[in-house]
Amino acid sequence: MPALANPRWERFALALFAGLDGKTRLERAHSTAYLTVYPNCKPGNSAESAASQLLRRIKPITERIRELQEEQSRKIQKKIDLSKERIGRRLDLASQMAERQQNPAAIVNSELGIAKVFHKIDAADANQIDFNQANSMQDIGRKLLQSIGFREPDDASIQEAVEANDLLIDTLQAIHRRAQALTLEQR
């Protein structure tokens, strides 16, 4: 939106926008902006009332202030570009420079930086099932079922998993006993 056609409205919008950064309540007041544009108005309640009426009736003023805020925000964003893309470009440039200088440590640092920004390599795997946290056979049965994708196992399924686990343990122990017996026979 270009400047407002009415020059007083434009100056009022600019004064309101400038007042947003005011340090005191008086500097941020609508009446202060109004008095900047209409100096013959009586300060205090008269200026505040007139400023409020102007803001309520003339919608382009508030639209202009929003536009000025967005423009300021874009300028700040340009000054401080902390986007992943920018960081990625800078890390890639650092990696290329390190490679040209044949500096392996700098290459590793740059590539690790890229990996951290784009792949979260330090984060623990959310899908990993930790059996060390199990406090009972029920917990083990639940975690066994969850490890194969059964997200919310019911009690009957958990009991079957516990029984299957017991059978597996018995089978593994039988294998171990046979291996020990074979070892003793070979001696």
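The distance from atom NZ of Lys143 to atom CG of Asn132, rounded to the nearest 0.5 Å, is 9.5 Å. How far CD of Gln72 is from CD of Glu70: 11.5 Å, rounded to the nearest 0.5 Å. Interatomic distance, Arg89 CZ to Ile114 CD1, rounded to the nearest 0.5 Å: 12.5 Å.
A donor-acceptor contact shorter than 3.5 Å is absent between the side chain of Glu10 and the backbone of Ala3.
Tyr38 is linked by a ring pair (Phe, Tyr, Trp, His ring centres under 6.0 Å) to Tyr34, counting only residues two or more places apart in sequence or in another chain. When the side-chain hydrogen bond (donor to acceptor under 3.5 Å, both in side chains) test is applied to Gln96, the partners found at least two apart in sequence or on another chain are Asp92. Contacts of Glu111 classified as side-chain hydrogen bond (donor to acceptor under 3.5 Å, both in side chains), with partners at least two apart in sequence or in another chain: Ser95.
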Show which side-chain atoms of residues 47-56 pair as donor or acceptor with protein atoms under 3.5 Å away, not counting sequence neighbours.
| unit_1 | atom_1 | unit_2 | atom_2 | d |
| --- | --- | --- | --- | --- |
| Glu48 | OE1 | Ser31 | N | 3.4 |
| Ser52 | OG | Glu48 | O | 3.1 |

Distance-only criterion, 3.5 Å: show the donor-acceptor pairs between side-chain atoms of residues 98-109 and protein atoms not counting sequence neighbours.
| unit_1 | atom_1 | unit_2 | atom_2 | d |
| --- | --- | --- | --- | --- |
| Asn103 | OD1 | Ala105 | N | 3.3 |
| Asn103 | OD1 | Ala106 | N | 3.2 |
| Asn109 | ND2 | Ala105 | O | 3.4 |

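Applying the ring-ring contact (aromatic ring centres under 6.0 Å, His included) test to pairs two or more places apart or on separate chains, none has a residue in residues 145-187.
Taking all atoms of both residues into account, the shortest heavy-atom contact from Asp139 to Gln133 is OD2-O, 4.4 Å.
By the 4.5 Å heavy-atom criterion applied to side chains, Lys84 and Ile87 are not counted as neighbours. At least one side-chain heavy atom of Met137 sits less than 4.5 Å from a side-chain heavy atom of Asp166. For the pair His30 and Leu16, the minimum side-chain heavy-atom distance is below 4.5 Å. At a threshold of 4.5 Å between non-hydrogen side-chain atoms, the residues Gln146 and Glu152 do not count as touching. Within the 4.5 Å cutoff, side-chain heavy atoms of Phe131 are placed close to those of Leu144. The closest side-chain heavy-atom distance from Ile140 to Val162 is not below 4.5 Å.
Within 6.0 Å of atom CG in Asn45, 12 or fewer heavy atoms from other residues, nucleotides or ligands are found, so the atom counts as exposed in its surroundings.
In this structure, Leu168 is not a member of the same hydrophobic cluster as Ile148, with clusters built from ILVMFWY side-chain heavy atoms closer than 4.5 Å.
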Audit row: Glu63, Arg66, salt bridge (charged side-chain N to carboxylate O under 4.0 Å, His left out) steps and yes/no: CA-CA 5 Å; Glu63 291 171 8; Arg66 280 193 197 102; 5.9 Å; no
